[in-house]
There are 2 protein chains.
Amino acid sequence: MGKILEIYRSSENCPIRTVLDRIGDKWSILVILILGEEETMRFNELQKSMNDISQKMLTVTLRKLESDGLVHRRIFPEIPPRVEYNLTERGISLLPHIHSLSDWATKNIDGIRRSRAKSGN
Amino acid sequence: MGKILEIYRSSENCPIRTVLDRIGDKWSILVILILGEEETMRFNELQKSMNDISQKMLTVTLRKLESDGLVHRRIFPEIPPRVEYNLTERGISLLPHIHSLSDWATKNIDGIRRSRAKSGN
DNA sequence: GATTTTAAGTTACTTTTGGTAACTCAAAGG
DNA sequence: CCTTTGAGTTACCAAAAGTAACTTAAAATC
């Protein structure tokens, strides 16, 4: 029995699940990757660059990332409002791991699509 | 504008999203990590080691992983039935990336918990 | 000076995904 | 003949994600 499995069994306090439950949602990883490329972005810029996320889901996603200390939110007291987002130190430290995942995805997507087709999607 | 963002914008065929939409669900990464440690496991062994997944969700998760060619399913024609699961080559090639993510999670969990507490969870 | 535009959200509502509990199947054991 | 066993289904209920319309206050347009 490996170390990871033992941690999992005490599932109350399992770090991996605590973290993955959050960034394992539909949009978080995407936001982190985008902010990793663009440094600083405003709300609408982010939304356009994701191109199919709703305002509500972007708000929810950013608030979660903010509360985990992965993304920083800076409000300018202007009208119309201006809010800028960027990765925190912690968010930046997560980037390479997500990049290695997305590199894997790019390399394996053809094989995966073929598998899905065989099994009737 | 980086390469990744351009790929995202053509979101129909984006490899990263196609893959993450699947393994970004609640249980897939967990199953992959466990099968990475135990080599071969039966359905009920998997369920016990996850400790709070329902039969239905384990079935659904395994079927998706199978159809992506990440997990192999071997049925023994016995009664009561016996079904053994293990990672495929492709599944094994994904393991190190998931491990690096979970190492990050372990290192950062304390800081993340502190952030969450500050923001009122 | 009334109307529209603008950025960054809310709110109320619908649809999809996840979760629970009970049921199935066919043979072996008591 | 009734229960147990492993690997699931099925029918049902709750939670998360998605949609469309609304909000807010100033500045720009008519």
Side-chain angles (χ1 to χ4, degrees), chain A residues 11-12 17-32 34-35 38 40-68 71-86 116 119-121, chain B residues 11-12 17-32 34-35 38 40-68 71-86 116 119-121:
Chain A
S11 84
E12 306 286 308
R17 297 187 63 179
T18 305
V19 171
L20 290 182
D21 274 3
R22 287 267 176 121
I23 63 169
D25 68 6
K26 191 162 182 182
W27 302 109
S28 293
I29 287 180
L30 210 46
V31 169
I32 292 168
I34 290 171
L35 287 179
E38 296 286 330
T40 289
M41 279 182 106
R42 299 178 64 176
F43 186 90
N44 278 355
E45 289 178 314
L46 263 169
Q47 197 188 5
K48 270 167 214 154
S49 88
M50 297 176 74
N51 149 50
D52 58 350
I53 191 175
S54 65
Q55 285 181 311
K56 183 191 131 188
M57 288 315 296
L58 184 53
T59 303
V60 169
T61 302
L62 287 168
R63 289 296 196 288
K64 281 190 198 167
L65 291 173
E66 193 194 0
S67 99
D68 279 9
V71 160
H72 180 247
R73 180 165 180 268
R74 186 175 175 202
I75 312 148
F76 296 81
E78 300 172 6
I79 281 168
R82 176 148 72 111
V83 181
E84 289 185 351
Y85 292 93
N86 57 269
R116 285 186 194 176
S119 71
N121 294 275
Chain B
S11 84
E12 305 288 308
R17 297 186 63 180
T18 304
V19 170
L20 289 181
D21 274 3
R22 286 268 176 118
I23 64 171
D25 67 7
K26 190 162 181 182
W27 301 108
S28 293
I29 287 180
L30 210 49
V31 170
I32 292 168
I34 291 171
L35 287 179
E38 296 286 329
T40 289
M41 280 183 105
R42 299 179 62 176
F43 186 90
N44 277 354
E45 289 178 314
L46 263 169
Q47 197 188 3
K48 270 167 213 153
S49 88
M50 297 175 74
N51 151 49
D52 57 351
I53 191 175
S54 65
Q55 285 181 309
K56 181 191 134 188
M57 287 315 297
L58 184 53
T59 304
V60 169
T61 302
L62 287 168
R63 290 296 196 287
K64 281 190 198 167
L65 291 172
E66 194 195 359
S67 99
D68 279 10
V71 160
H72 179 246
R73 179 164 180 268
R74 186 178 176 197
I75 313 147
F76 296 81
E78 299 172 4
I79 282 166
R82 177 148 70 109
V83 180
E84 288 185 352
Y85 292 93
N86 57 268
R116 283 187 194 175
S119 71
N121 293 276

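Naming: A, B, ... by sequence-line order, numbering from 1 per chain.
The A:Arg73 side chain lies nearest to C:dA8 when the options are D:dA7, C:dT10, C:dA8.
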Determine whether A:Arg116 and B:Arg22 satisfy the following criterion, side-chain contact (heavy atoms from CB on, under 4.5 Å), listing intermediate values before the conclusion. CA-CA 12 Å; A:Arg116 285 186 194 176; B:Arg22 286 268 176 118; 3.0 Å; yes
After noting the C-alpha distance and the side-chain angles of A:Ile29 and B:Arg17, does the key distance pass the side-chain contact (heavy atoms from CB on, under 4.5 Å) rule? CA-CA 9 Å; A:Ile29 287 180; B:Arg17 297 186 63 180; over 6 Å; no
Assess the residue pair B:Leu35 and B:Met41 against the criterion (side-chain contact (heavy atoms from CB on, under 4.5 Å)); give the C-alpha distance rounded to whole Å, side-chain angles, the decisive distance to 0.1 Å, and a yes or no. CA-CA 7 Å; B:Leu35 287 179; B:Met41 280 183 105; 4.0 Å; yes
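Atom NZ of B:Lys48 is separated from atom P of D:dG6 by 6 Å (rounded to the nearest Å). Note: CG (A:Leu58) to C1' (C:dA8) measures 10 Å, nearest angstrom.
You'll find the side chain of B:Leu62 reaches within 4.5 Å of the side chain of B:Leu46, heavy atoms only. When side chains are defined from C-beta on, B:Glu45 does not count as touching B:Lys48, because their heavy atoms never get closer than 4.5 Å.
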Encode nucleotides 13-30 of chain D as B, S and - characters from 5' to 3', where the letter depends on protein heavy atoms closer than 4.0 Å: B to the base, S only to sugar-phosphate, - to neither. ----SBB-B---BS----
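Residue A:Tyr85 is classed as a sugar-phosphate contact, given heavy-atom separations below 4.0 Å to backbone atoms only.
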Would you be so kind as to tabulate the donor-acceptor pairs closer than 3.5 Å made by side chains of residues 71-82 of chain A, with sequence neighbours excluded?
residue	atom	partner	partner atom	Å
A:Arg73	NE	A:Tyr85	OH	3.0
A:Glu78	OE1	A:Arg82	NE	3.4
A:Glu78	OE2	A:Arg82	NH2	3.2
A:Arg82	NH1	A:Glu84	OE2	3.1

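Dashed line: the shortest gap from a side-chain N or O of B:Arg42 to OP1 or OP2 of D:dA7 is under 4.0 Å. OP1 or OP2 of C:dT6 has not a single side-chain nitrogen or oxygen of A:Arg82 nearer than 4.0 Å.
The residues A:Lys26 and B:Asp25 are annotated as not salt-bridged, no charged nitrogen and carboxylate oxygen being separated by less than 4.0 angstrom. Between B:Lys64 and B:Asp21 there is no salt bridge, since none of the side-chain N atoms of the basic residue sits less than 4.0 Å from a carboxylate O of the acidic one.
From one end of the helix from C:dG1-D:dC30 to C:dG30-D:dC1 to the other, with five pairs defining each end axis, the axis direction shifts by 30° (rounded to 10°).
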